[in-house]
Amino acid sequence: MSLLFGDTGSGKTEIYMKYFQEMIAQKKRSIFLMPEISLTPQMSQRLQNHFGNSVVMWHSKLTPLQKKKALSAVYDGTAKIIAGPRSALFLPIKELGLIVVDEEHDDSYKSSSRPRYNARDLAIYMGKIYDIPVVLGSATPSLTTYVKFPHIRLKGGYFNSQKEFIYERGAESLSPLIMSSLQKSVTAKEQAILFLPTRANFKYLICGDCGHTHKCVFCSVGMSIHQKTRSLKCHYCNFSQAIPQVCIECKSTLLTSSRLGTAEAVKNIREEFAEARVEQFDRDVITTTNKLKKALKNFNDGEIDILVGTQMLSKGHDYHGVTLAVVLGMDNMLNMSDYRAREKALSTLIQVAGRSGRKESAKVLVQSFNEAFFSAFVDKYEDFLEDEKEYRKELYPPYKKLCRILFSHKNGIKAQDAMNEMQECLRTASDIEIVGFGKCGIERVSDKYRFEILLRADKSTDIIRAISTCRNSLAEIDMDPIEFG
């Protein structure tokens, strides 16, 4: 097992290609994992240009006929490289000689529903069982991977381009500095990307008089404003309703919105720069593989001037002509109630910044009140990992094991009783610590009330042993959790 720790644009994919070629020469086959389907179009093109029909792409968006053809190639051995997101690990592949996990830090490798496995960890386990090499690649590796495995460091990019980071104190707004920077980019006929962590027009609808936030009727979360469909939509259960004209609590007409979203940013930029070609790049717009391919092609062909998107922007795509990257919403990520908040925020900034300056020098404009943190580590990720080690010792992974036990039921009392019963039993177990228990951060999702217990221990076996003696029918076990909402 080894980590390929390479800066964005440093040539990690070329190393993967050489390794795949070596496996084919040895008459062995390879699995190439990518975190999301959104990465497959560009990577599929690169792999097929290099290896032709020896490559099979496997993901959930394939048609039944495409799946049948892919499985046939896997069964008869013509597929030498099987590429795709985490489900590709479960294909029946003989003569397996290599597993590559690209962007190993990405949370998409962890299943958010039962079974809550992590494909990265499963790939490592398979590597041990079959005694084959596993390569984990990333420009911003997780601390767990960095600590556990030896790494090879690739510094710099293939092209000798420079990035200048500019910080502006602010909170998710299209400030005069951002708009003037975008104007300069458009005037110079250059391309820009703008990152926001929030979809829709705005994250929340709030009453200006009583402060009431309009929440989903099935979930304990504020609903997002989608002006195109004139609706409020829950991004957890997809319930939607018409945008109310008055507050449902005090009947005030003074309704305000907070947390700028991608759709609103696109609308505002189009109004400001009528001549600019601005497109939205998130799951509200990119709903099919064909739309994704078209958007990426149009951007790389220079038919789009400004691409506004969410995390999809940072997912390893190659944008050749980007000379300006605008990054908003970093402080919200940094302040999340998650022990990995610093890692996730810094990783996102580096990944988004890495989409710019691939060939030309670029500016990265970061809107944040935490310049001291980001500027200290944005081009010194190794220093951050060393600093993070001290922060997590004796408390969090990779030095401790965490387990989150979830209880959900339409009857909140039943869910709470199940939690109380199990936590009383767990108190008798040795070698584990109950960090906390109670309502989940988001108490209700899809009309089910949710409660949780968070455990900590030195070893997974201690947690497994304790849980096995305190089983409960409502308990859902999430080892190594990455969600704490």
*Evaluate the criterion side chain to side chain donor-acceptor pair (under 3.5 Å) for residue pair Gln351 and Ser347; output intermediate values, then yes/no.*
CA-CA 6 Å; Gln351 291 287 344; Ser347 172; 4.7 Å; no
*Between Thr144 and Lys148, is a side chain to side chain donor-acceptor pair (under 3.5 Å) present by the stated rule, with each step listed?*
CA-CA 6 Å; Thr144 299; Lys148 285 187 174 181; over 6 Å; no
_Thr262 vs Thr198, test: side-chain contact (heavy atoms from CB on, under 4.5 Å). Steps then yes/no._
CA-CA 6 Å; Thr262 48; Thr198 305; over 6 Å; no
*Give the C-alpha distance, both sets of side-chain angles, the deciding distance and a yes or no for side-chain contact (heavy atoms from CB on, under 4.5 Å) between Val308 and Phe195.*
CA-CA 6 Å; Val308 180; Phe195 168 84; over 6 Å; no
*For Phe32 and Tyr16, what are the C-alpha separation, side-chain angles and deciding distance, and is it a ring-ring contact (aromatic ring centres under 6.0 Å, His included)?*
CA-CA 9 Å; Phe32 183 30; Tyr16 302 153; 5.5 Å; yes
*Evaluate the criterion side-chain contact (heavy atoms from CB on, under 4.5 Å) for residue pair Ile405 and Leu426; output intermediate values, then yes/no.*
CA-CA 11 Å; Ile405 308 174; Leu426 288 169; 4.0 Å; yes
*asked:* Could you walk me through whether Val445 and Ser220 satisfy the side-chain contact (heavy atoms from CB on, under 4.5 Å) test, starting with their C-alpha distance in whole Å, then the side-chain angles of each, then the deciding distance to 0.1 Å, before giving a yes or no?
replied: CA-CA 7 Å; Val445 172; Ser220 304; over 6 Å; no
_I'd like to know whether Tyr19 forms a side chain to side chain donor-acceptor pair (under 3.5 Å) with Glu14, so could you lay out the CA-CA distance, the side-chain angles of the two residues, the decisive distance to 0.1 Å, and finally the verdict._
CA-CA 9 Å; Tyr19 219 157; Glu14 293 304 315; over 6 Å; no
*asked:* Checking Lys363 against Glu190 for the salt bridge (charged side-chain N to carboxylate O under 4.0 Å, His left out) test, could you report, in this order, the C-alpha distance in whole Å, the side-chain angles of both residues, the deciding distance, and whether it holds?
replied: CA-CA 12 Å; Lys363 287 184 178 180; Glu190 296 172 345; over 6 Å; no
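In this structure, a donor-acceptor pair under 3.5 Å is present between the side chains of Thr229 and Ser231. Side-chain contact annotation: Gln245 with Thr253, donor-acceptor N/O pair under 3.5 Å absent. At a cut-off of 3.5 Å, with distance as the only test, no side-chain donor of Lys344 or Thr348 sits close to an acceptor on the other residue. In this model, a donor atom of one side chain and an acceptor atom of the other lie less than 3.5 Å apart for His105 and Ser138.
Distance alone, capped at 3.5 Å, places no donor-acceptor pair between the Thr187 side chain and the Lys184 backbone. Between the Arg444 side chain and the Val217 main chain, a donor and an acceptor come within less than 3.5 Å of each other. Judged by distance alone, with hydrogens and angles left aside, the side-chain atoms of Ser446 form no donor-acceptor pair with the main-chain N or O of Lys448 at under 3.5 Å. Judged by distance alone, with hydrogens and angles left aside, the side-chain atoms of Lys12 form a donor-acceptor pair with the main-chain N or O of Gly6 at under 3.5 Å. Of the possible polar contacts, none joining the Asp462 side chain to the Ile432 backbone as a donor-acceptor pair under 3.5 Å is found. Put simply, the side chain of Arg270 never gets that close to the backbone of Ala276: no donor and acceptor are under 3.5 Å apart. With Thr145 contributing its side chain and Pro141 its backbone, the two residues share no donor-acceptor pair below 3.5 Å. Checked by atom type and distance alone, the side chain of Gln311 never pairs as donor or acceptor with a backbone atom of Pro197 at under 3.5 Å.
Not counting sequence neighbours, Phe165 has no partner by the ring pair (Phe, Tyr, Trp, His ring centres under 6.0 Å) test. In this view, Glu382 and Arg153, Lys155 satisfy the salt bridge (charged side-chain N to carboxylate O under 4.0 Å, His left out) rule, not counting sequence neighbours. Scored by the salt bridge (charged side-chain N to carboxylate O under 4.0 Å, His left out) test, Arg116 finds Glu476, Asp478 as partners (sequence neighbours excluded). With sequence neighbours left out, the ring pair (Phe, Tyr, Trp, His ring centres under 6.0 Å) criterion links Phe451 to no other residue. A search for salt bridge (charged side-chain N to carboxylate O under 4.0 Å, His left out) contacts involving Asp387 returns Arg342, not counting sequence neighbours.
For Ile152, the CD1 atom counts as loosely surrounded, since its 6.0 Å shell holds 12 or fewer non-hydrogen atoms of other residues, nucleotides or ligands. Annotation for Tyr236: atom OH does not count as buried by contact number, only 12 or fewer foreign heavy atoms lying within 6.0 Å.
In summary, the aromatic rings of Phe373 and Phe377 are positioned with their centroids under 6.0 Å apart. Proximity of the aromatic rings of Tyr204 and His214 is defined here by a centroid distance below 6.0 angstrom, and this criterion is not met. The aromatic ring centres of Tyr381 and Phe384 sit less than 6.0 Å apart.
Put simply, the side chain of Thr140 does not reach to within 4.5 Å of the side chain of Leu346, judged on heavy atoms. Between Leu255 and Cys247, some side-chain heavy-atom pair lies under the 4.5 Å cut-off. In this structure, His151 and Ser2 have side chains that are not in contact, with every pair of non-hydrogen atoms separated by 4.5 Å or more. Between Val135 and Val101 the shortest side-chain heavy-atom distance does not fall below 4.5 Å. Residues Glu104 and Asp106 are not in side-chain contact: their nearest non-hydrogen atoms beyond the backbone lie 4.5 Å or more apart. The side-chain heavy atoms of Glu452 and Phe437, taken from C-beta on, include no pair separated by under 4.5 Å. Side chains of Ile434 and Leu454 form no contact here, defined as non-hydrogen atoms less than 4.5 Å apart. Residues Asn268 and Glu271 have side chains in contact (heavy-atom distance under 4.5 Å, counting atoms from C-beta outward).
Remark: Asp282 does not engage Arg199 in a salt bridge, criterion side-chain N to carboxylate O under 4.0 Å. Between Lys267 and Glu272, no side-chain nitrogen of the basic residue sits less than 4.0 Å from a carboxylate oxygen of the acidic one, so the salt-bridge criterion is not met. Under a 4.0 Å N-O distance rule, the pair Arg340/Glu388 does not qualify as a salt bridge. Between Lys459 and Asp431 no salt bridge is recorded (no basic side-chain N to carboxylate O distance below 4.0 Å). Salt bridge Lys400/Asp458: present, at least one basic N to carboxylate O contact under 4.0 Å.
Put simply, CD on Gln416 and CZ on Arg450 are 14.5 Å apart, with the number rounded to the nearest 0.5 Å.
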Do any side-chain atoms of residues 293-305 form donor-acceptor pairs under 3.5 angstrom with protein atoms, and if so which ones, sequence neighbours left out?
from: Lys297; atom 1: NZ; to: Asp301; atom 2: OD2; distance (Å): 2.7
from: Asn298; atom 1: ND2; to: Lys294; atom 2: O; distance (Å): 3.4
from: Asn300; atom 1: OD1; to: His320; atom 2: N; distance (Å): 3.4
from: Asn300; atom 1: ND2; to: Asp318; atom 2: O; distance (Å): 3.1
from: Asp305; atom 1: OD1; to: Arg277; atom 2: NH2; distance (Å): 3.0
from: Asp305; atom 1: OD2; to: Arg277; atom 2: N; distance (Å): 2.8
from: Asp305; atom 1: OD2; to: Arg277; atom 2: NE; distance (Å): 3.2

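Smallest separation of non-hydrogen atoms from Arg392 and Pro398: NH1-CD, 4.5 Å. The two residues Leu232 and Pro244 make their nearest non-hydrogen contact at CD1-CD, 3.5 Å.
In summary, of the residues considered (Arg404, Lys401, Arg120, Lys110), a salt bridge (charged side-chain N to carboxylate O under 4.0 Å, His left out) with Asp480 occurs for Lys401 alone.
In this pair, Tyr396 and Tyr339 present their aromatic rings parallel. The plane angle is below 30°, not in the 30 to 60° band.
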